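Every value quoted in this text rests on a predicted model; they were computed, and no experiment measured them. Start at 1 and go down the list; that is how both ligands and their atoms are numbered.
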Amino acid sequence: MVIDTVSAHRPAPSIESVPLGAALGRVLAEPARADRDYPPLARSIRDGFAVRAVDLPGSLTVIGEVAAGATFAGRVESGQCVEIMTGAPVPDGADAIVMVEHTQSANGVMTTTRKPAPAEFINPRGAEALAGTVIVPAGKRLLFSDVALLATIGQTAVSVHRRPLVAILSTGNEVVPIESEPVPSQVRNSNAWSVAAQVARFGCDPLILPVAPDEMEPTRRLIEQGLEADLLLLSGGVSAGKYDYVEPALAALGAEFYFDRVLIQPGQPLVFGRVRDRFFFGLPGNPGSTMVTFETIASTAVRLLGGETDAPLFMPFARLTHEFSHKPGLTRFLPALLSPSGTEVTAVRWHGSSDVAATARANAYLVADPNRESWSPGDLIQVLIK
Ligand code: AMP
Ligand code: MG
């Protein structure tokens with residue numbers, strides 16, 4: 001969505017309640033606690049027979065059965081057993097389950113050569129969670145397995161952090177809206193859309209502002225609009241070029257700059273700071289740099305802003321399929337293809353950080369260590385997965 005005023009789109013409360021069906025991918029705002037012990041009573045985790053372990057191996061009289069959802073009224077005494085189904089409560093007196101596959105039954109008698117271990121195939125009361133304990137911590141982005149747990153404890157509505165609103169401001173005289181037909185010296189505003197997609201992936205609502213021309217006053221005005229959102233992400237205009245107005249315009253608004261260079265490539269001229277009570281990033285304008293700096297650095301800010309308490313970058317190791325070398329000093333992020341097994345990685349041929357096509361062919365980035373110069377085929381190297 002391209003908008004002119006941001007404030008109209010910024011909802012007030014920072015925590016909201018959503019139905020469980022809409023909770024996937026949202027960040028939990030209040031810890032979820034077990035409403036009772038799980039399981040609430042000792043439960044069989046196999047189909048078979050509830051027995052007294054001391055009685056076996058041997059033959060036992062089957063005194064009844066208990067299915068999931070039922071309870072067995074009597075008690076298992078010496079020489080007896082109860083047929084039991086997965087999920088059913090373990091009858092009093094029994095202390096182990098023998099799997100049906102390991103038994104033979106005839107005329108009300110079960111025979112097995114097995115000697116079950118104490119409590120075998122029984123989940124004792126409270127083994128999975130005790131009543132009142134936190135089972136999903138606040139600040140966690142909910143996975144499908146968390147949704148299962150919230151459903152288990154009967155949370156029909158879930159308290160989650162409001163999605164941060166992230167204003168996106170592209171700069172550059174040559175940058176035109178994507179619906180226009182650019183002349184050869186112009187480029188379509190792909191950065192606004194890649195950043196919007198990256199922001200949305202981490203649960204934020206992106207708002208694309210009109211492109212700022214390379215002039216002080218319009219840049220300053222559009223930055224002011226962007227500061228009405230929860231976070232402002234600018235692209236372009238942060239290099240050493242004659243028409244790079246982003247930093248001067250921010251400075252004119254009283255910005256505090258925390259850093260204006262990072263030792264990565266692409267993306268060295270990344271700017272981070274705060275103006276009034278809002279944080280901003282000035283992402284470098286080359287599309288490859290914009291994507292890498294968001295993915296490696298701004299994404300963490302966006303996630304913390306969204307309420308996540310922990311936002312680590314997932315960078316496992318894979319084996320290089322070829323020789324690789326770079327000039328040490330900077331951490332390099334190069335488009336790469338990770339094999340389906342996730343064990344092998346191959347750099348994608350690219351023509352530098354303007355090469356969006358190469359980035360799109362890749363499913364990951366190679367992460368080249370700034371303290372190492374060369375790698376041989378088969379060497380482990382870190383990978384940032386898209
Ligand atoms: P800058 O960081 O402003 O010097 O821009 C570096 C390069 O990225 C230039 O070639 C720009 O044309 C290109 N560029 C800047 N902004 C965008 C954008 N929003 N979308 C696509 N390319 C861009
Ligand atoms: Mg520019």
Side-chain angles (χ1 to χ4, degrees), residues 1-4 6 166-200 204 206-223 225-226 229 231-252 255 257 259-273 280-299 302 330 332-335 350-362:
M1 174 170 37
V2 179
I3 56 117
D4 288 316
V6 174
V166 179
I168 300 169
L169 176 55
S170 303
T171 68
N173 285 342
E174 78 284 24
V175 180
V176 297
I178 61 167
E179 56 273 19
S180 58
E181 198 57 58
V183 298
S185 59
Q186 294 177 324
V187 294
R188 292 196 181 94
N189 184 9
S190 67
N191 284 349
W193 295 86
S194 63
V195 171
Q198 287 173 296
V199 154
C204 299
L207 276 171
I208 298 176
L209 292 164
V211 178
D214 291 320
E215 292 164 47
M216 184 70 171
E217 227 4 71
T219 304
R220 202 188 55 76
R221 261 202 315 275
L222 284 161
I223 287 174
Q225 272 193 34
L231 178 71
L232 170 62
L233 296 177
L234 298 113
S235 96
V238 290
S239 313
K242 193 170 160 192
Y243 299 104
D244 289 334
Y245 279 109
V246 164
E247 282 169 280
L250 284 161
F257 293 89
F259 59 77
D260 62 3
R261 182 169 173 245
V262 288
L263 297 180
I264 65 171
Q265 197 186 50
Q268 239 188 112
L270 176 68
V271 175
F272 175 54
F280 61 82
F281 281 92
L283 309 174
N286 244 321
S289 313
T290 314
M291 288 187 266
V292 162
T293 47
F294 182 89
E295 212 58 13
T296 55
I297 295 171
S299 66
V302 153
L330 299 177
R332 287 196 169 71
F333 295 87
L334 301 168
W350 80 323
H351 297 278
S353 51
S354 60
D355 193 347
V356 180
T359 306
R361 280 198 300 278

Problem set entry | Donor-acceptor under 3.5 Å (Arg220 side chain, Ala252 main chain) | no

Seminar exercise, completed: Residues passing the ring pair (Phe, Tyr, Trp, His ring centres under 6.0 Å) test with Phe272, sequence neighbours excluded, are Tyr258, Phe259, Phe279, Phe281

For this session: Measure the shortest side-chain to side-chain distance between Thr296 and Val292 over non-hydrogen atoms and say whether it is less than 4.5 angstrom.
Result: yes

For this session: Mind checking salt bridge (Lys or Arg N to Asp or Glu O under 4.0 Å) for Glu295 and listing every partner two or more places apart, or none if nothing turns up?
Result: Arg201

Exercise. So, the side chain of Ser180 versus the backbone of Val176: is there a donor-acceptor pair under 3.5 Å, distance only?
Worked result: no

For this session: Would you please write out the protein residues whose heavy atoms approach any atom of ligand 1 to under 4.0 angstrom, listed by chain and number?
Result: Ser170, Thr171, Glu174, Val175, Val187, Arg188, Asn189, Ser190, Asn191, Ser235, Gly236, Gly237, Ser239, Gly285, Asn286, Pro287

For this session: Please list all pairs passing the side chain to side chain donor-acceptor pair (under 3.5 Å) test where one or both residues lie in residues 235-244, with sequence neighbours left out.
Result: Asn191-Ser235

